[in-house]
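The structure displayed is predicted, hence computed values, not measured ones. Worth knowing before you read on, the calculation uses all heavy atoms, side chains too, and leaves out hydrogens, waters and symmetry mates.
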Amino acid sequence: MTSRRELKNYAKQAMSGKYGILILAFVAVQALALISSMISSALFPGEETIDIVLSYAFTFILTLLINVVAAGMNYMYLNIARGKVYSLNDLFYFYRHHPDRVIVAGFFISFFGGSRVQIGGPTAAFVVIIYGIVTTYGTDGLIVATIMAGIILCIMGLCHFGSLIKYIPYTITTGFTCGIAVTLFVGQIKDFLGLDMSAVPSEFIEKLGAYAANITTINPVTVAIGAVALVILILWPKVTDKLPGSLIAIIVTTAIVYFAKLPVNTIGSVYGELSSEFPSFHMPAFSYKLVQELISPAFTIAILAGIESLLSAVVSDGMIGDTHKSNAELIGQGLGNIFSGLFGGIPATGAIARTAANVRNGGRTPIAGITHCITLSIILVVLMPLASLIPMTTLAAVLLVVAWNMADWTSFFHLCKTAPKSDMIVLVATFFLTVFFDLVVAIEVGVVLAALLFMKRMAETADVTAWKYADEPDVTPGEAEKMRDIPHSIRVFEISGPLFFAAADEILTITSDKSTKVIVIRMRSVPAIDASAMRSLRDLAARAKKKHITLIFSHVNEQPMSIMKKDHFIELIGEEHFLPNIVEALDYAENMVADSGHKAAK
């Protein structure tokens, strides 16, 4: 029988071996999981208290693999992959030396955000915009843009803009998402095929040309390893969803390449070893000129982060039966990006896939996201040096699948077939601008184009219709019975639709003849007016006054009435000339005509 002293010696030997730090890390993470549950129970009574572990009855290694390592490695490999996707040494240098700085944003997003289960961090949607900033302004410019985007997000949250994100058209989000997917997909061809070529050009067409020129340098072994990774990524979800297929693909292909000594590029062979140092606070150098140049990219990052985080929050709400606070979520995202930049980090947002994994594994409170960041920190310290063994073709395969999954081609082609022509123009324009230019241009042009086309559609709905008289020749007897018989000295016009600057000219169609004494304007179908429409109404009032015609308004809705009062238009026309409905307005008009007739007779 083994004595207690022998067991102690075995334990001491194990801890002094090269895997001792791994054992310590496992114990530390398990302790964090238990503390997490205890804090959750104290802060959120009545909620699920198991945020990271499925059941403490399982062995801690199994629990860790299913709930912690899976989430942490998933987070880590995505960050590594997004670092190399640009084929840009400066950008990967940033990730290579500071991969742990993405943790900071995730912590603040969980702590201050408006969703109880949101897991934050970098996502694939930022690939295009980050690439453009780094190539133009370097990593320092990216850090400044990240902080600026965080400030914009905080302002949006404080101004209660959380609900305004819904005004970004679906055609724009679909267009740039598919555009990002295409750009991301094409960016992986070099590493997936193992092409022997220099830096990949940044422009889409030039990139395809460079691939074509170097297609003869394909490495068959690299392609085979990439194919193995793709097969695992595609088939593993059919086996289980407890561990991500990407994690399994990385482990399997890394083992094959390492033990078989295959001639395949790895992160270490291309970029050197990855650092596991913790970040330090650093205030970047700001200048008015740099801020002025980065305001547009920063605004794009903020919009993109807001859209993706609120979409992720909506998805998680449906999974846990809760309702997130959209404005608080924007503030949390903003603080996360501000502090990410202050620690030298990159843009981050709520990640739908990681948030869903959190919910599926029992997460119900913000403690899960905070513990996730602490866990990732431990994993980075322990395992980051081993990441240098990961084949580049495996990371390319992971991102090929990410690109394929993020592109909703079914919706894209459905919109192309069924959407109105104006929506299809916005969709296609946003898509091609994202692919051939960049995301900043795509979103700016897409929003402006969508707004212009929307205004055009709204202007087309605005209409001014003149009432017919019962004795007109084109009025049938049946119609005449339903019509009110009014004298020809009264003209009635009905306005439909919003009266704004693009539709204000419709008021010019209100005309009169020599017999007209009163014009009744029915506005029950006018929900809103603006300053341009008020100017047109004042012009109409001036013309009517010159012709000695009285204007009477019927059923003016709340918003138009408020604008008219503010513009002193009611004082100009006379408050008695505003009637609540058409019947009273016509009665008032007929009495005016009758009174004027009596006066003329006298």
Side-chain angles (χ1 to χ4, degrees), residues 78 82 85 115 118 123-129 162-188 204 230 233-234 237-238 241 245-246 300-301 303-319 324 326 329 349-357 359-360 398-454 456-457:
L78 279 174
R82 285 169 192 136
V85 70
S115 172
Q118 186 85 280
T123 65
F126 286 115
V127 166
V128 177
I129 182 64
S163 61
L164 296 183
I165 297 294
K166 65 185 179 183
Y167 293 114
I168 302 296
Y170 177 62
T171 49
I172 290 180
T173 57
T174 302
F176 76 64
T177 300
C178 291
I180 290 172
V182 170
T183 304
L184 191 60
F185 191 94
V186 172
Q188 311 317 306
F204 184 78
L230 274 181
L233 289 165
I234 295 170
K238 299 178 180 179
D241 60 353
S246 47
T300 303
I301 291 174
I303 292 295
L304 196 59
I307 292 173
E308 191 164 2
S309 64
L310 293 179
L311 178 61
S312 174
V314 170
V315 172
S316 64
D317 285 348
M319 298 176 71
H324 72 280
S326 58
E329 182 63 25
T349 183
I352 298 176
R354 275 163 266 171
T355 300
V359 173
R360 283 197 299 267
V398 169
L399 283 173
L400 287 176
V401 174
V402 169
W404 179 262
N405 290 335
M406 75 180 293
D408 189 359
W409 294 112
T410 302
S411 297
F412 186 92
F413 291 113
H414 178 74
L415 286 171
C416 288
K417 293 178 181 178
T418 62
K421 186 180 294 184
S422 57
D423 288 337
M424 188 173 67
I425 291 172
V426 173
L427 173 72
V428 174
T430 306
F431 172 76
F432 282 109
L433 286 171
T434 302
V435 173
F436 292 103
F437 292 91
D438 59 54
L439 190 59
V440 176
V441 175
I443 291 181
E444 289 176 348
V445 173
V447 170
V448 172
L449 187 59
L452 290 174
L453 292 173
F454 173 76
K456 180 178 181 295
R457 287 200 300 269

Does L304 form a side-chain contact (heavy atoms from CB on, under 4.5 Å) with T349? I'd like the steps, not just the answer. CA-CA 8 Å; L304 196 59; T349 183; over 6 Å; no
Does H324 form a side-chain contact (heavy atoms from CB on, under 4.5 Å) with L310? I'd like the steps, not just the answer. CA-CA 9 Å; H324 72 280; L310 293 179; 3.9 Å; yes
From CA spacing to verdict: side-chain contact (heavy atoms from CB on, under 4.5 Å), K456, S422: CA-CA 9 Å; K456 180 178 181 295; S422 57; over 6 Å; no
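By the side-chain contact (heavy atoms from CB on, under 4.5 Å) test, T300 pairs with I129, L439, V440, I443, sequence neighbours left out. Residues satisfying the ring-ring contact (aromatic ring centres under 6.0 Å, His included) test with F185, not counting sequence neighbours, are none. Scanning for side-chain contact (heavy atoms from CB on, under 4.5 Å) contacts around W409 gives C178, V182, A407, F412, F413, F431, with sequence neighbours left out. Partners of A419 according to the side-chain contact (heavy atoms from CB on, under 4.5 Å) rule, which considers only residues two or more places apart in sequence or in another chain, are L415, D423. Under the rule for a side-chain contact (heavy atoms from CB on, under 4.5 Å), the partners of T173 that lie at least two apart in sequence or sit in another chain are I168, Y170, F176, I307. With sequence neighbours left out, D408 forms a side-chain hydrogen bond (donor to acceptor under 3.5 Å, both in side chains) with S411.
Looking only at distances, no side-chain donor or acceptor of E329 sits under 3.5 Å from a matching main-chain atom of S309. Of the possible donor and acceptor atoms, none in the side chain of Q188 sits under 3.5 Å from a partner among the backbone N and O of L399. The backbone N or O of A313 lies less than 3.5 Å from a partner atom in the side chain of S316, making a donor-acceptor pair.
Residues T430 and T171 fail the side-chain proximity criterion, which asks for heavy atoms closer than 4.5 Å.
Across E308 and G350, no two heavy atoms sit closer than the pair CG-O, 3.7 Å. Closest approach of T434 to G179, counting heavy atoms only: CG2-C, 3.6 Å. Nearest approach of A429 to L449, heavy atoms of both residues: CB-CD2, 4.0 Å.
Within the model, atoms CH2 of W404 and CG of L184 stand 13.5 Å from one another, a figure rounded to the nearest 0.5 Å. Once rounded to the nearest 0.5 Å, the distance linking CG of L452 with CZ of R457 reads 11.0 Å. In this structure, NE2 in H414 is found 11.5 Å from CG in L427, a value given to the nearest 0.5 Å. Expressed to the nearest 0.5 Å, how far CD1 of I172 lies from OG1 of T177 amounts to 11.0 Å.
Environment of CZ in F204: crowded, with over 12 heavy atoms of neighbouring residues, nucleotides or ligands closer than 6.0 Å.
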